[in-house]
Amino acid sequence: NAGVMQNPRHLVRRRGQEARLRCSPMKGHSHVYWYRQLPEEGLKFMVYLQKENIIDESGMPKERFSAEFPKEGPSILRIQQVVRGDSAAYFCASSPESQGATGELFFGEGSRLTVL
Amino acid sequence: DAKTTQPPSMDCAEGRAANLPCNHSTISGNEYVYWYRQIHSQGPQYIIHGLKNNETNEMASLIITEDRKSSTLILPHATLRDTAVYYCIARREGAQKLVFGQGTRLTINP
């Protein structure tokens, strides 16, 4: 059973461009979470999605950031008109519909965005 | 979810037990204590969780005080690969997301 897959692992963008980060959850998982980690800082929750629905976006910046988790395909975190402050590691996690034995979130290895 | 407080950093000698403390004095009855760790540049990894009883698995032991206001994660025989940031999180039963604090940066020394 493959783990949470994120791609690209590394992405370089110039200021003003768009960044798209993809996350394929573990097989059978219908819940996806996105976290951002700025250099030398902790993980900050951004958004929690279930298939086709945003459940909690309390950590998403109000502008330029959006997330989706379509019925088919991976979850996408989209950052429009990137700025240098968007440079960070973006982690995706997934969990099954019911929390299961541990209520564990399974994390991917992250996508590292660098804005020049 | 209750706030947790951890020391920012700790050191431990390889082969010794690493004891990582966590205070959660405002924890409520339906909040579990979760521990995750993040090895440099990798995604966070689940370690263990508990409600009131002490718990043990293949990675670690979790000791929760009787009043539940604090807990200790124990890595019984620390190795160099245990060097990581360790996060203690209080999470309400049924809550989906995890809210990470600053964690403890544990360094295992040879």
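Below, read A as the first sequence line, B as the second, and so on, with proteins coming before strands; counting in each chain starts at 1.
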- Note on the structure: If one checks every heavy atom of B:Gln102 against chain A at 4.5 Å, the contacting part turns out to be side chain

- Is there side-chain contact between A:Phe45 and B:Phe100, with at least one heavy-atom pair below 4.5 Å? no

- Task: Examine A:Leu11 and A:Phe65 and state if one hydrophobic cluster contains both, with Ile, Leu, Val, Met, Phe, Trp and Tyr joined whenever side-chain heavy atoms are less than 4.5 Å apart.
- Result: yes

- Message: I want to check a possible cation-pi pair here: B:Lys97 against A:Tyr33, using under 6.0 Å from ring centre and within 45° of the ring axis as the test.
- Response: no

- What is the distance from atom CD1 of B:Ile47 to atom CD of A:Glu104, rounded to the nearest 0.5 Å? 10.5 Å

- Find out if a path of hydrophobic residues (ILVMFWY) with successive side-chain heavy-atom gaps under 4.5 Å connects A:Ile54 to A:Ile79. yes

- Query: So does A:Arg9 have more than 12 non-hydrogen atoms from other groups sitting under 6.0 Å from CZ?
  - Reply: yes

- Item | Residue pair B:Arg91 / A:Leu105, side-chain heavy-atom distance below 4.5 Å | yes

- Verify the neighbour count for atom CE of A:Met60: are there more than 12 heavy atoms of other residues, nucleotides or ligands below 6.0 Å? yes

- Message: Within the 4.5 Å heavy-atom criterion, are A:Phe107 and B:Tyr36 side-chain neighbours or not?
- Response: yes

- Is there a side-chain contact between B:Gln38 and A:Leu43, using heavy atoms and a 4.5 Å cut-off? yes

- Between A:Glu109, A:Lys44, A:Gln6, which shows the greatest number of heavy-atom pairs under 4.5 Å with chain B? A:Glu109

- Message: Please determine whether the number of non-hydrogen atoms from other residues, nucleotides or ligands lying under 6.0 Å from atom CZ of A:Arg13 exceeds 12.
- Response: yes

- Item | Transitive ILVMFWY side-chain link A:Val47 to A:Leu21, under 4.5 Å | yes

- Task: Give, as side chain, backbone, both or neither, the part of A:Ser111 having an atom under 4.5 angstrom from any heavy atom of chain B.
- Result: neither

- Task: Decide whether B:Val85 and B:Ile48 are clustered together by the hydrophobic rule: side chain heavy atoms of Ile, Leu, Val, Met, Phe, Trp, Tyr closer than 4.5 Å, transitively.
- Result: no

- Task: Provide the full list of disulfide bond (SG atoms under 2.5 Å apart) pairs with a residue in residues 23-86 of chain B, sequence neighbours left out, each pair given once.
- Result: none

- Within the side chain of A:Tyr35, is there an N or O that forms a donor-acceptor pair under 3.5 Å with the backbone of B:Leu98? yes

- Message: Could you report the tightest heavy-atom contact between A:Phe91 and B:Pro44, atom names first, then the distance?
- Response: CD2-CD, 4.3 Å

- So what's closer than 4.5 Å to chain B heavy atoms on A:Gln37: side chain, backbone, both or neither? side chain

